[in-house]
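Below is one structure, written out as structure tokens; comments come after it.
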Amino acid sequence: MGNQMNDKLDYIIENLAEKYPAPETELNHNSPFELLVATILSAQTTDVQVNKVTRELFEEFNSPDDFAKLNPNDLADKIKSIGLYRNKSKFIVESSRIILADFDGMVPRSFSDLLKLPGVGRKTASVVLVGAFSTPAFPVDTHVFRVSNRLGLANSDRVEEVEEQLKDLIPEELWADMHHWLIFHGREVCKARSPKCEICQLKNYCNYYQKKGE
DNA sequence: AACTCGGGGCA
DNA sequence: TGCCCAGAGTT
């Protein structure tokens, strides 16, 4: 049983070496703050639109100081194309104010402090820790959650548990690569609604695929 | 635990 | 043109 898991993990790790396209969906950023904003904007939002909107925003504004001065309604007008824009505008302005008031104008570098910012949950906090501060973390978004459960790398309906199970299973030096791979695989193959099991190299290791065949 | 926020993309 | 997709906060 543990052996099956090891075989499966080994197989996936070997396939990591096989190149998968660099995620152009990766949130680009020139500063921790820009990554924070981009990640808040990305919630519940499929894709590259976020990079475009973020670039436009940061041509005009740069620092928490700039954003803290904004009227959330004005910011909302600039980010309409990504949806949920009223919430996200409020989150970004309010987070900027908290960063100025409580964190010396610097994006906090700890998980617990990041969670104090509105619009920042465990997924967003983890993305910032990894992307801005090279701090080991394992962001569990819906791709990671779904793919891990289907493949049997994790088994839980709770995000926190999936995160713990993955961290226990995967050697820390592989967290980043595994994370990229899970997201890529979730987007391109192991899709939420119509997974392309026929082309999946891992179907023979997959709980979901086997259950489907029964 | 269920509901809300909102658009873009694709069948 | 309607259905599907993706997190965090609130009730």
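Worth saying up front: this structure is predicted, and the values here are computed from it rather than measured. Naming convention: chains lettered A, B, ... in sequence-line order (proteins, then strands); numbering from 1 in each chain.
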Nucleotide N/O to protein N/O under 3.5 Å, stretch nucleotides 9-11 of chain C:
residue: C:dG9; atom: OP1; partner: A:G119; partner atom: N; Å: 2.8

**Request:** Take the protein atom CG of A:N87 and the nucleotide atom C1' of C:dA6, then report the distance between them rounded to whole Å.
**Result:** 14 Å
**Asked** Charged N to carboxylate O under 4.0 angstrom, A:E56 versus A:K52?
**Response** yes
**Request:** Round to a whole Å and report the spacing from CD of A:Q44 to C1' of B:dT4.
**Result:** 11 Å
**Asked** With side chains defined as the heavy atoms from C-beta onward, is the minimum distance between A:V93 and A:N71 less than 4.5 Å?
**Response** no
**Rounded distance in Å between the C1' positions of C:dA8 and B:dG9** = 23 Å
**Asked** So, do A:I99 and A:L36 sit near enough that their side-chain heavy atoms are less than 4.5 Å apart?
**Response** yes
**Prompt:** Below 4.0 angstrom from OP1 or OP2 of C:dA8, is there any side-chain N or O of A:T124?
**Reply:** yes
**Asked** Where do A:F33 and A:F61 land on the ring pair (Phe, Tyr, Trp, His ring centres under 6.0 Å) test, with the steps shown first?
**Response** CA-CA 11 Å; A:F33 181 68; A:F61 313 106; over 10 Å; no
**Message:** Taking 4.0 Å as the cut-off, does a side-chain nitrogen or oxygen of A:Y85 come that near to OP1 or OP2 on B:dG7?
**Reply:** yes
**Request:** Round to the nearest Å and state the distance from A:K88 atom NZ to B:dG7 atom C1'.
**Result:** 9 Å
**Message:** Expressed as a whole number of angstroms, how long is the span from A:E188:CD to C:dC5:P?
**Reply:** 15 Å
**Message:** With heavy-atom distances below 4.5 Å as the criterion, would you say the side chains of A:V128 and A:P32 are in contact?
**Reply:** no
**Request:** Start with the C-alpha gap between A:K78 and A:S89, add the side-chain angles, then the distance that decides, and say whether side chain to side chain donor-acceptor pair (under 3.5 Å) holds.
**Result:** CA-CA 9 Å; A:K78 300 174 185 297; A:S89 300; over 6 Å; no
**Item:** salt bridge (Lys or Arg N to Asp or Glu O under 4.0 Å) against A:K191, all qualifying residues, sequence neighbours excluded
**Value:** none
Kindly give the atom pairs (protein nitrogen or oxygen, nucleotide nitrogen or oxygen) under 3.5 Å for nucleotides 9-11 of chain B.
residue: B:dG9; atom: OP1; partner: A:Q49; partner atom: NE2; Å: 3.2

**Request:** With side-chain contact (heavy atoms from CB on, under 4.5 Å) as the test, would you mind laying out the steps for A:K80 and A:D77 before giving the verdict?
**Result:** CA-CA 6 Å; A:K80 273 209 164 42; A:D77 289 337; 3.2 Å; yes
**Request:** Using the C1' atom on both, measure B:dG8 against C:dG9 and round to a whole Å.
**Result:** 23 Å
**Request:** Ignoring backbone atoms, test whether A:R122 places a side-chain nitrogen or oxygen under 4.0 Å from the OP1 or OP2 oxygen of C:dA8.
**Result:** no
**Asked** Is it true that A:Y85 and A:F91 have ring centroids separated by less than 6.0 Å?
**Response** no
**Asked** Would you say A:R146 reaches C:dA6's phosphate, i.e. side-chain N/O to OP1/OP2 under 4.0 Å?
**Response** yes
**Request:** Report the distance from atom CZ of A:R158 to atom C1' of C:dA8, rounded to the nearest whole Å.
**Result:** 17 Å
**Request:** Report the C-alpha distance between A:K116 and A:D102 in whole Å, list the side-chain angles of each, state the deciding distance to 0.1 Å, and finish with yes or no for side-chain contact (heavy atoms from CB on, under 4.5 Å).
**Result:** CA-CA 10 Å; A:K116 294 174 183 169; A:D102 299 345; over 6 Å; no
**Message:** Between C:dG7 and B:dC10, how many Å separate the two C1' atoms, rounded to a whole number?
**Reply:** 22 Å
**Request:** Find the distance A:R193:CZ to C:dC5:C1' and express it as a whole number of Å.
**Result:** 9 Å
**Candidate nucleotides B:dG6, C:dA6, B:dG8, ranked by approach to the side chain of A:T142 - the nearest** = C:dA6
**Asked** A:K90 NZ to B:dT4 C1': how many Å, rounded?
**Response** 11 Å
**Request:** May I have the distance from A:L84 (atom CG) to B:dG6 (atom P), rounded to whole angstrom?
**Result:** 6 Å
